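This report concerns only the one structure given below.
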Amino acid sequence: MTKLTDLTIAQALEGLAAKEFSAVELTEAHIAAMDKARSLNAFITETPDLAREQAKASDARRAAGEAKDLDGIPLGMKDLYCTKGVRTTAASKILENFVPPYESTVSQKLADAGSVMLGKTTLDEFAMGSSGGTSAFGPAISPWSGPNPAEAERKLIPGGSSSGSSTAVSARLAMGATGTDTGGSIRQPASITGIVGMKPTYGRCSRWGIIAFASSLDQAGPMARSVSDTALMLRVMAGFDRKDSTSVDISVPNYMDALTKSVKGLKVGIPREYRLDGMNKDTEKLWDQSAAMLRDAGAEVVDISLPHTKYALPVYYIIAPAEASSNLARYDGVRFGLRETGETLDAMYEATRSEGFGKEVQRRILIGTYVLSAGYYDAYYRKAQRVRRLIRNDFLEAFRSCDVILAPATPGTAFAFGEKTGDPVQMYLEDVFTVTLNLAGLPGLCLPVGLSQEGLPIGMQLIGRAFDESTLFTAASALERAAAFSHKPPFTA
Amino acid sequence: MAIDQKTVAKIAHLARIRIPEAEQGSVASELSGILAWVEQLNEVNVEGVDPLASVNDASLRVRPDVVDDGGYASDILKNAPASTASFFTVPKVVE
């Protein structure tokens, strides 16, 4: 029999329904895996006792014939989602001891669907980073680093900011995990670790109770080991919430129906501006192959243009820090979090914030403060917002001649810690293919399609029209079947 | 636009982040590097383009202006670094 930790969510739900194993057994298998893989640092806070309790309750529900959509499925929760009574840190020293008195809407929905929470997964501090390296609690290490990742000479990044989630799912510590995506924080780590990551349309999942980074860009989404597993999770996570003023009140389709649909006649756009000079050759080859696979499955491949692509990152690095600088103003040492002492109120604020925030977070707050300050607002912030509209218009125009867009998720494969730390801009370039969607508010799904010459995963990204996640699932499912990616990292628990 | 040390000191104060004078120079050059990179936006013609603040086309929802939540001050105060009765406390601000 397949190891319980190797099952997909869909397979586990079948096994649970057929009474092949219990939710308690499934959860125990994952808790044992977490014990074995603790050196990967995938979790900031593990919650095995809570998980056992939830698994027991799940078995009782199933016995009573009241099993829910994700009943008994052990998941990781990114430590950016506030969880009632369970410490929530955003991987920051400033929230080291914060225990929320409330539960985020999305984590509540996952709990209501019967899932089991294994713990809070690590991330870049306040979700600001592309490697997981800015966590105040140490970075998660990719299971692709070698058979013994923590001892590997080149410890590879699991991507970021949802670094613990990508580590936990790829190393078989959790069947799925939540992520958040502000500029690529679900799709880039998924691509780097060979799993599936889905960023829904802005407004599809409630942001309520998720610690804010850049409110006009942040979106919650699922990470798992198959397209159908992300569809199962998104179906539960999505939906209108009156507590989030940007949540959109439209019905959530049953995404499972989309998975088996044919791509015959579907128009797949290939954006020419994503073909960068000096792009990883393996990535480029797999991109062409993926397009061919979709064509063989009956889709029509068309060339499209997104002319303002190169301006997306600079726009993002004005808008995201600007929003972050105001969102993070709340960490002042008064109502929650760290407080350092100071003679005056101002001195207390300054001591608290310089002690509590890490370097990258401070850098972004300073940039944000600068671009919003008197005299620079029009030159930077207004300008960025205007270019943001042009980027969105590019997509609206492109979707007149195609139904989905196919592009790589990242320009390269995983690098090692310490390799891109000299120049912040080098790290920012990791998000060149993902950040455009956040600016335009569109859904994107990343799935693994092959390995590089060095044996590291390469992911492709499918981009859809706003609120048309179903078509994304249809195309992703067809590509998943054709690519038949079955590689496992050299380490699994 | 290059940021000088004086500007770093000013925005650091606005953001209430203390940056020791010895570090202000290196922060200035780091931020200048990022700003030089974002300045490629000057190539883009945005004549007649409205700023996009939110991707949601519809205007934000409104709701009746009534209190429909609250009444749990002790929960709210649970994470406070310092509190007295049902209040947050801060260092003295008036003499």
Side-chain angles (χ1 to χ4, degrees), chain A residues 97-102 202-203 216 242 245-246 248-249 308 310-311 314-315 317-318 325 332-339 342-351 353-354 357 362-363 365-370 373 379-380 382-390 392 423-425 440-441 466, chain B residues 1 3 7-8 10-20 23 27-28 30-31 33-58 60-63 68-69 72 74-83 88-94:
Chain A
N97 299 311
F98 178 60
V99 179
Y102 55 87
Y202 182 81
S216 79
R242 57 186 285 273
S245 64
T246 58
V248 175
D249 192 1
H308 295 90
K310 68 175 278 210
Y311 301 110
V315 166
Y317 276 96
I318 293 172
S325 71
D332 55 6
V334 175
R335 290 155 301 158
F336 37 71
L338 180 81
R339 174 188 287 191
E343 285 287 295
T344 63
L345 192 58
D346 265 341
M348 186 277 279
Y349 291 152
E350 290 189 349
R353 290 165 63 80
S354 26
F357 291 136
Q362 292 193 18
R363 187 183 286 141
I365 291 175
L366 293 172
I367 288 278
T369 305
Y370 181 72
S373 63
Y380 290 105
R382 292 289 270 196
K383 176 92 187 192
Q385 284 188 318
R386 295 169 89 181
V387 182
R388 182 178 182 182
R389 182 176 295 279
L390 294 175
R392 185 171 181 245
D423 175 7
V425 173
Chain B
M1 188 179 306
I3 292 191
T7 311
V8 167
K10 188 186 145 205
I11 58 174
H13 175 68
L14 285 174
R16 299 296 188 271
I17 289 175
R18 179 178 298 151
I19 298 177
E23 288 171 30
V27 172
E30 230 172 57
L31 299 189
I34 297 170
L35 288 171
W37 170 71
V38 302
E39 265 161 31
Q40 52 180 301
L41 292 184
N42 292 335
E43 300 164 17
V44 188
N45 181 5
V46 290
E47 191 77 34
V49 180
D50 282 335
L52 180 72
S54 166
V55 291
N56 287 348
D57 289 319
L60 291 177
R61 287 188 312 278
V62 292
R63 60 168 177 81
D68 59 1
D69 195 9
Y72 34 77
S74 64
D75 277 353
I76 303 294
L77 286 167
K78 253 182 208 157
N79 282 284
S83 61
F88 298 108
T89 56
V90 294
K92 199 168 171 186
V93 279
V94 280

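Convention: sequence-line order gives letters A, B, ...; per-chain numbering from 1. Below, each value reflects all heavy atoms present in this structure, side chains not excepted, and no hydrogens, waters or symmetry copies. Every value quoted in this text rests on a predicted model; they were computed, and no experiment measured them.
Residue B:S83 does not touch chain A at all, counting heavy-atom pairs closer than 4.5 Å. For a residue to count as touching a neighbouring chain, one of its non-hydrogen atoms must lie under 4.5 Å from one of that chain's; by this rule A:A351 touches chain B with backbone and side chain alike. Of the two parts of A:D249, neither the backbone nor the side chain holds a non-hydrogen atom closer than 4.5 Å to a non-hydrogen atom of chain B. With a 4.5 Å cut-off on non-hydrogen atoms, B:D69 does not touch chain A at all. Using a 4.5 Å cut-off between heavy atoms, B:L77 does not touch chain A at all. With a 4.5 Å cut-off on non-hydrogen atoms, A:T344 touches chain B through its backbone but not through its side chain. For chain B, no part of A:A466 is nearby; none of its heavy atoms comes within less than 4.5 Å. For B:V27, the part sitting under 4.5 Å from any heavy atom of chain A is the side chain, from C-beta outward, and nothing else.
Per-residue counts of heavy-atom pairs under 4.5 Å with chain B were compared for A:A440, A:A347, A:P101, A:S245; the largest is that of A:S245. For the options B:A12, B:A15, B:G33, B:A82, heavy-atom pairs under 4.5 Å to chain A are most numerous at B:A15. Chain B forms more heavy-atom pairs under 4.5 Å with one residue of A:V315, A:V334, A:I365, A:V387 than with any other, namely A:V334. Most heavy-atom pairs under 4.5 Å with chain A, from the set B:T89, B:I34, B:V8, B:N45: that is B:I34. Considering only heavy-atom pairs separated by less than 4.5 Å from chain A, the leading option among B:V44, B:L14, B:D75 is B:V44.
One finds the CD1 atom of B:I17 at 6.0 Å from the CZ atom of A:F357 (value rounded to the nearest 0.5 Å). Taken from CZ in B:R61 to OG1 in A:T246, the straight-line distance is 8.0 Å, to the nearest 0.5 Å. Considering CG of A:L366 and CD1 of B:I19, their distance stands at 4.5 Å, rounded to 0.5 Å. With rounding to the nearest 0.5 angstrom, the CG atom of B:L41 is 5.0 Å from the CD1 atom of A:I318.
Side-chain contact check for A:R388 and A:S216: at least one donor-acceptor pair (N or O, by modelled atom type) lies under 3.5 Å.
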> After noting the C-alpha distance and the side-chain angles of A:R392 and B:L52, does the key distance pass the side chain to side chain contact (heavy atoms under 4.5 Å, CB included) rule?
Replying inline: CA-CA 9 Å; A:R392 185 171 181 245; B:L52 180 72; 3.6 Å; yes

> side chain to side chain contact (heavy atoms under 4.5 Å, CB included) between B:V90 and A:R339: does it pass, once the steps are laid out?
Replying inline: CA-CA 10 Å; B:V90 294; A:R339 174 188 287 191; 4.1 Å; yes

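Within the 3.5 Å criterion, the main-chain N or O of B:W37 finds a donor-acceptor partner in the side chain of B:Q40.
Heavy-atom neighbours of A:E343 CD from other residues, nucleotides or ligands within 6.0 Å: at or below the threshold of 12.
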